[in-house]
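What follows is a single structure, written as structure tokens, with notes after it.
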Number of protein chains: 2
Amino acid sequence: MPVRSRQLYEARAKIAKALAHPVRLLLLDALRDKDMCVMEMTKLAGLDQSTVSKHLAILKEAGLVGVQKAGPMSVYSIRCQCLDGFFACLESVLRQNLKEQQALVELES
Amino acid sequence: MPVRSRQLYEARAKIAKALAHPVRLLLLDALRDKDMCVMEMTKLAGLDQSTVSKHLAILKEAGLVGVQKAGPMSVYSIRCQCLDGFFACLESVLRQNLKEQQALVELES
DNA sequence: GGGCTATATTCGCATTCTGTAATATGGCTA
DNA sequence: TAGCCATATTACAGAATGCGAATATAGCCC
């Protein structure tokens, strides 16, 4: 594979990696409803504040969320609309897998 | 976070994780054009056969690709159409990030 | 400035992920 | 059946990731 292509796929993978964690998916999903500060999301996730802060840094680095300072707080917001399609795709695959598993079970019985 | 929700996000994350690697993105992208056997994809990726085989196993486990035996060969194929939207989303975020970086550079000069 | 609050960063440790070499499986053909 | 081919699996080393505790940074109010 040419170096150029490899770099392109690595750039894409960096964004995909940011999406590849249950907590980050939760945070993104929550941010689709409304902007939130770190404390709020820390409660939501039920994890240490430093952990949530790091997850948010990863999302921000990938360009998936934006931050705005409000006094001592950092308010995070969604930065790309296309996530709706991404979540829908995940659901679609999940449903398809479930259907296939059911078909297998019925075959056995 | 309720256990139920956590499990839902973990199921989604499992699929997202399968997407979160440059080589797997390459393979999926290639499979969008045509079905391929392992040897073909091994050449394409320029990696060891065992490595490619493992990446394919991950994609299969996530339900993103399917396999069909053809004699001694395994022919892999895309199993979900919604990947088009996913790739488009990655491109969109990449373009947006690039635009933002350019804006920053212009601000400095 | 001193103390409080909200975030970010660093550190150490456990877990998971990647890639290759070596080995196993399984179909095909002579 | 013996040997060859394509693929899958195992074993293992090195890299990356995830977590919380501790620490650093920075704004705000007295």
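The chains referred to below are lettered A, B, ... by the order of the sequence lines, with proteins before strands, and numbering in each begins at 1.
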**Study point:** Test log, rule salt bridge (charged side-chain N to carboxylate O under 4.0 Å, His left out), inputs A:Lys14 and A:Glu10
**Key:** CA-CA 6 Å; A:Lys14 184 182 162 191; A:Glu10 269 166 11; over 6 Å; no
Exercise. Go through the steps for B:Leu27 and B:Met36 under the test side chain to side chain contact (heavy atoms under 4.5 Å, CB included), then give the verdict.
Key: CA-CA 9 Å; B:Leu27 297 179; B:Met36 287 191 288; 5.9 Å; no
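A donor-acceptor contact under 3.5 Å is not formed by the side chain of B:Lys17 with the base of C:dT16. In terms of polar N and O atoms assigned as donor or acceptor, the side chain of A:Lys69 never comes within less than 3.5 Å of the base of D:dG27 in a complementary pairing. One donor-acceptor pair, N or O on each side, does fall under 3.5 Å between the base of D:dA8 and the side chain of B:Gln49.
For the pair B:Met73 and A:Pro72, both in contact range of DNA chain D, the more 5′-proximal nearest nucleotide belongs to B:Met73.
Considering only side-chain N and O atoms, A:His55 lies nowhere under 4.0 angstrom from the phosphate OP1 or OP2 of D:dG20. Within the structure, a side-chain polar atom (N or O) of B:Thr51 is placed less than 4.0 Å from OP1 or OP2 of C:dT20. Listed pair B:Tyr76 / D:dA8 meets the phosphate criterion, a side-chain N or O lying under 4.0 Å from OP1 or OP2. Proximity of B:Ser74 to the phosphate of D:dA8: a side-chain N or O atom is located under 4.0 Å from OP1 or OP2. In this model, the phosphate group of D:dC19 is approached by a side-chain N or O of A:His21 to a distance below 4.0 Å at OP1 or OP2.
Remark: C1' of D:dC19 and CD1 of A:Ile58 are 12 Å apart, rounded to the nearest angstrom. One can place CG of A:Asp48 at 16 Å from C1' of C:dA14, the figure rounded to the nearest angstrom. Rounded to a whole Å, the CD atom of A:Gln68 is 19 Å from the P atom of C:dA6. Between the CE atom of A:Met36 and the P atom of C:dT7 there is a distance of 12 Å, rounded to whole Å.
A donor-acceptor contact shorter than 3.5 Å links the side chain of A:Gln96 to the backbone of B:Arg79.
Backbone-only contact: A:Leu47 has heavy atoms under 4.0 Å from sugar-phosphate atoms and none from a base.
Counting all heavy atoms, side chain and backbone alike, B:Leu90 lies closest to A:Ala16 at CD2-N, 4.2 Å.
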